[in-house]
K.L.:
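Let me begin by handing over the structure; questions about it come next.
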Amino acid sequence: MRPRVLLLLPVLALTGAPLTASWSNAAVGLYMAVVPMFAGYVLFGWGLARVPASTATTLSLLEPAVAAVLAVLIVGEHLPATGWTGVALVVACLGVLTTPARRSSPRRARAAGGAVAPAADIHAPPIGSRAESSG
């Protein structure tokens, strides 16, 4: 056993009487530890390792909102108005963050009164380079 597990044994001795009272209770506890917790986190980590960091971040931020909606739909939990507002804000903010930015063309920038910087000369040496100072 790992040392962290040993640190939790006193907690089990003090609060785990219902869990250790019968084999069926222990089986439910073992099931809850293995299926939703262990397998869930292993699969979650496996999936995060196979997607880009931006996608992983978006999915991780969306997880509490999805959990709240699933609790309402599956378990029958009641979510107050502030909870629904929070879910809506999370979804709206993630929608804004994941929407690709529109790039304005130089023609649109001029029409809007903005200044357009000239295109850089790709053949010119960088400023402060040796080729510029030796010539």
Side-chain angles (χ1 to χ4, degrees):
M1 269 195 237
R2 292 190 164 184
R4 289 174 275 179
V5 173
L6 294 175
L7 291 173
L8 290 176
L9 286 179
V11 175
L12 178 64
L14 293 173
T15 63
L19 185 63
T20 58
S22 70
W23 283 106
S24 62
N25 291 358
V28 168
L30 182 64
Y31 168 81
M32 294 298 290
V34 172
V35 175
M37 295 297 295
F38 180 74
Y41 278 106
V42 166
L43 292 172
F44 186 69
W46 180 82
L48 289 180
R50 285 158 178 73
V51 297
S54 59
T55 304
T57 302
T58 303
L59 291 175
S60 296
L61 291 172
L62 192 61
E63 182 182 4
V66 170
V69 171
L70 287 177
V72 169
L73 296 176
I74 295 173
V75 184
E77 290 284 328
H78 173 71
L79 198 60
T82 54
W84 286 113
T85 304
V87 168
L89 284 172
V90 167
V91 170
C93 290
L94 288 175
V96 168
L97 288 175
T98 57
T99 302
R102 290 187 349 189
R103 296 196 177 186
S104 62
S105 66
R107 181 178 296 165
R108 283 188 186 162
R110 280 192 203 104
V116 178
D121 184 6
I122 60 171
H123 300 292
I127 297 175
S129 67
R130 289 182 177 219
E132 181 183 75
S133 61
S134 65

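Heads up: numbering here begins at 1 and tracks the sequence.
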K.L.:
Which residues satisfy the side-chain contact (heavy atoms from CB on, under 4.5 Å) test with M32, sequence neighbours excluded?
P.N.:
V28, P36
K.L.:
Can you list, by chain and residue number, the hydrophobic cluster partners of W23 when the side-chain cut-off is 4.5 Å?
P.N.:
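Members besides W23: none; it forms no cluster.
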K.L.:
Using the test side-chain contact (heavy atoms from CB on, under 4.5 Å), find all partners of P10 that sit at least two apart in sequence or belong to another chain.
P.N.:
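With neighbours one apart ignored, the set is empty.
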K.L.:
Distance check, rounded to the nearest 0.5 Å: R50 atom CZ versus T55 atom OG1?
P.N.:
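Nearest 0.5 Å value for the CZ-OG1 distance: 14.5 Å.
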K.L.:
Under 4.5 Å between side-chain heavy atoms, chaining through other members, with only Ile, Leu, Val, Met, Phe, Trp and Tyr counted: pull out the rest of the cluster around W46, sorted by chain and number.
P.N.:
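Result for W46 is none, singleton.
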K.L.:
Could you pull out all donor-acceptor pairs under 3.5 Å where a side-chain atom in residues 90-98 meets a protein atom, sequence neighbours excluded?
P.N.:
residue: T98; atom: OG1; partner: L94; partner atom: O; Å: 2.8
residue: T98; atom: OG1; partner: G95; partner atom: O; Å: 3.4

K.L.:
Quick check: do L6 and L9 have side-chain heavy atoms less than 4.5 Å from each other?
P.N.:
yes
K.L.:
Could you identify which residues cluster with F38, counting Ile, Leu, Val, Met, Phe, Trp and Tyr as linked when any side-chain heavy atoms lie under 4.5 Å apart, either directly or through a chain of such contacts?
P.N.:
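Via sub-4.5 Å side-chain contacts, F38 links to V42.
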K.L.:
side-chain contact (heavy atoms from CB on, under 4.5 Å) with L48: which residues, sequence neighbours excluded?
P.N.:
F44, A56, S60
K.L.:
So, for T15 and P18, which heavy atoms are closest and what is the spacing to 0.1 Å?
P.N.:
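Scanning both residues, the minimum pair turns out to be O-CD, 3.8 Å.
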K.L.:
Can you sort out the partners of L79 under side-chain contact (heavy atoms from CB on, under 4.5 Å), two or more places apart, ordered by chain and number?
P.N.:
A68, V72, W84, V87
K.L.:
If hydrophobic clusters are built from ILVMFWY residues whose side chains come within less than 4.5 Å, do L61 and V66 share one?
P.N.:
yes
K.L.:
T99: which residues meet the side-chain hydrogen bond (donor to acceptor under 3.5 Å, both in side chains) condition with it, sequence neighbours left out?
P.N.:
none
K.L.:
If two hydrophobic side chains count as joined below 4.5 Å and joins carry through other members, does L70 share a cluster with L62?
P.N.:
yes
